[in-house]
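One structure is given below, encoded as structure tokens.
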Amino acid sequence: MIVAVYAVKGGSGRTTIAVNLAAALGLEHRGECVLIDLSLPYNHAALVANLVPTGCLALIDQPDQDKFEDALLGIALHHPTGMVIIPSALRAEQAELVTPPLVKRALDVLEQTFNYIVVDLGVAMTDVTLGVLERANRILVMVTPELTSLKDTAELLQIFENVLKIPSARVSLVLNHPRPQTMVTRADAERQVERKFQTEIAYDGSRFDRAAVTGQVLVETDPSCAASKSVMKLAGSITKEHVGAAKRVKL
Ligand SMILES: Nc1ncnc2c1ncn2[C@@H]1O[C@H](COP(=O)(O)OP(=O)(O)OP(=O)(O)O)[C@@H](O)[C@H]1O
Ligand SMILES: [Mg+2]
């Protein structure tokens with residue numbers, strides 16, 4: 001199952017939530033969750049999870065399928081929580097090497113190997129981002145309670161529906177509070193985007209930042225704080241969706 005994490009604005013919490021969500025899934029299903037970092041040109045997921053990349057997708061130039069698979073799984077970084085992280089570019093100038101066919105090939109391999117594939121996406125609507133959004137089984141759109149974020153998210157939902165033909169049932173909105181003050185209530189935000197939020201992630205002070213700086217992932221070190229609980233609930237709903245889909249395939 002592919003879960004894409006997207007937002008119309010930078011700094012909305014995509015990387016933070018993608019890393020914590022993948023870690024929550026990794027804690028529940030060890031070795032079954034991979035986070036592929038397609039937030040380009042700057043990849044931050046490995047850094048936030050305190051892992052040091054040795055390779056990246058951009059540098060895999062391997063026409064032979066078996067060798068491609070080995071190379072891809074060879075750059076995977078294993079985190080103590082049980083999640084695996086795959087960076088796509090180590091340096092900004094490598095971003096252009098991450099082409100839609102390369103990403104498709106990587107996702108094909110990862111779908112054979114992992115039950116849960118979390119994708120951290122960049123803001124720009126590049127062909128890579130569009131390809132992932134169209135293919136994802138679930139799209140988590142991170143929304144921050146600001147007028148600009150709400151207006152652009154409303155426009156994004158129109159594009160999903162009318163241009164990309166992505167069924168609205170595949171899209172979940174997550175209201176995230178990366179800043180303490182908020183002028184817009186949840187109800188106001190829902191009115192503005194004309195959709196309900198699946199979940200809301202509270203402002204959790206400097207917990208996320210402190211965890212990243214000390215090389216920890218919040219859902220593991222502080223599972224009882226409000227933000228961790230929301231992320232774990234999200235992970236639970238994704239597990240449920242995946243198990244439900246797997247049962248339907250068997251029938
Ligand atoms: N719910 C929250 N409570 C407190 N801080 C948060 C919360 N969500 C995100 N943050 C903080 O907000 C900042 C931006 O988050 P993050 O880097 O995950 O956003 P992003 O959408 O990935 O941004 P970028 O555009 O740089 O990729 C980080 O410092 C993160 O720790
Ligand atoms: Mg990011």
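Bear in mind that the values here come from a model prediction, so they are computed numbers and not experimental data. Read the numbers this way: they start at 1 and go in the same order the structure lists the ligands and their atoms. Along the sequence shown, the residues carry numbers beginning at 1.
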> Which heavy-atom pair separates Leu90 from Pro53 by the least distance, and what is that distance?
Replying inline: CD2-CB, 3.4 Å
> So which heavy atom in the protein is nearest atom 13 (C) of ligand 1, and how far is it from that ligand atom?
Replying inline: Gly11 O, 4.7 Å
> What protein heavy atom sits nearest atom 3 (N) of ligand 1, and how far off is it?
Replying inline: Asp204 N, 3.0 Å
> Can you tell me which residue and heavy atom of the protein come closest to atom 4 (C) of ligand 1, and the distance to 0.1 Å?
Replying inline: Gly205 O, 3.4 Å
> For Asp120, is at least one N or O under 3.5 Å away from an N or O on ligand 1?
Replying inline: no
>> Ring of Phe197, cation from Arg186 - is the NZ or CZ under 6.0 Å from the centre and inside 45° of the axis?
In response: no
> Near Ser12, which atoms of ligand 1 are under 4.0 Å from a heavy atom of that residue?
Replying inline: 19 (O), 20 (P), 21 (O)
> Can you find an N/O atom of Gly13 closer than 3.5 Å to an N/O atom of ligand 1?
Replying inline: yes
>> Suppose I only count heavy atoms of Gly10 and a 4.0 Å limit; which atoms of ligand 1 are within that range?
In response: 25 (O)
> Is it true that Asp204 and Arg207 make a salt bridge, defined as a side-chain N closer than 4.0 Å to a carboxylate O?
Replying inline: yes
> Where is the tightest heavy-atom contact between Ser149 and Val8, given as atom of each residue plus distance?
Replying inline: O-CG2, 3.8 Å
> Should Ile17 be counted as touching ligand 1, given the test is an N or O pair under 3.5 Å?
Replying inline: no
> Below 4.0 angstrom, N of the basic side chain to O of the carboxylate: do Arg138 and Glu241 qualify?
Replying inline: yes
> Excluding sequence neighbours, so at least two apart, what forms side-chain hydrogen bond (donor to acceptor under 3.5 Å, both in side chains) with Arg91?
Replying inline: Glu93
>> Among all the protein's non-hydrogen atoms, which is closest to atom 12 (O) of ligand 1, and how far away is it?
In response: Pro178 CB, 3.8 Å
> Between Arg191 and Asp188, is a salt bridge (Lys or Arg N to Asp or Glu O under 4.0 Å) present by the stated rule, with each step listed?
Replying inline: CA-CA 5 Å; Arg191 245 190 323 274; Asp188 288 340; 2.6 Å; yes
> Which of the numbered atoms in ligand 1 are below 4.0 angstrom from a heavy atom of Ile201?
Replying inline: 1 (N)
> Do you know the tightest heavy-atom contact between Val171 and Phe160?
Replying inline: CG2-CD1, 3.8 Å
>> Below a 4.0 angstrom heavy-atom separation, can you tell me which part of His177, side chain or backbone, both or neither, approaches ligand 1?
In response: backbone
>> I'd like to verify the contacts: list protein N, O or S atoms under a distance of 2.8 Å from the Mg ion (ligand 2).
In response: Thr15 OG1
> Counting only non-hydrogen atoms of the protein, does one fall under 4.0 Å from atom 7 (C) of ligand 1?
Replying inline: yes
> For the hydrophobic clusters of this structure (ILVMFWY residues joined by side-chain heavy atoms under 4.5 Å, transitively), does one cluster hold both Val5 and Val128?
Replying inline: no
> Same cluster or not: are Leu40 and Leu133 linked, directly or through other Ile, Leu, Val, Met, Phe, Trp or Tyr residues, by side-chain heavy atoms under 4.5 angstrom apart?
Replying inline: yes
> Does Lys9, backbone or side chain, put an N or O under 3.5 Å from an N or O of ligand 1?
Replying inline: no
> Which atoms form the tightest heavy-atom contact between Leu51 and His78, and what is the distance?
Replying inline: CD2-O, 3.9 Å
> Considering all heavy atoms of both residues, which atom of Tyr42 and which atom of Ala92 are nearest to each other, and what is their separation?
Replying inline: CE2-CB, 3.7 Å
> Mind checking what makes side-chain hydrogen bond (donor to acceptor under 3.5 Å, both in side chains) contact with Asn176, not counting sequence neighbours?
Replying inline: none
> N/O to N/O below 3.5 Å, does that happen between Tyr203 and ligand 1?
Replying inline: no
>> What protein heavy atom lies closest to atom 16 (P) of ligand 1? Include the residue and the distance to one decimal.
In response: Thr16 OG1, 3.5 Å
>> Side chain, backbone, both or neither: which applies to Val123 and ligand 1 if a contact is any heavy-atom pair less than 4.0 Å apart?
In response: neither
> In the protein, what heavy atom is nearest to atom 31 (O) of ligand 1, and what distance, to one decimal place, separates them?
Replying inline: Asp209 OD1, 2.8 Å
>> Test: salt bridge (Lys or Arg N to Asp or Glu O under 4.0 Å). Region: residues 141-155. Which pairs qualify, not counting sequence neighbours?
In response: Lys9-Glu146, Glu146-Arg179, Lys151-Glu155
> Is any side-chain N of the basic residue among Arg135 and Glu111 closer than 4.0 Å to the acidic one's carboxylate O?
Replying inline: yes
> Which residue holds the protein heavy atom closest to atom 27 (O) of ligand 1, what is that atom called, and what is the gap in Å?
Replying inline: Arg14 NH2, 3.1 Å
>> In this structure, does ligand 1 have an atom that sits under 4.0 Å from one of the heavy atoms of Ala202?
In response: yes
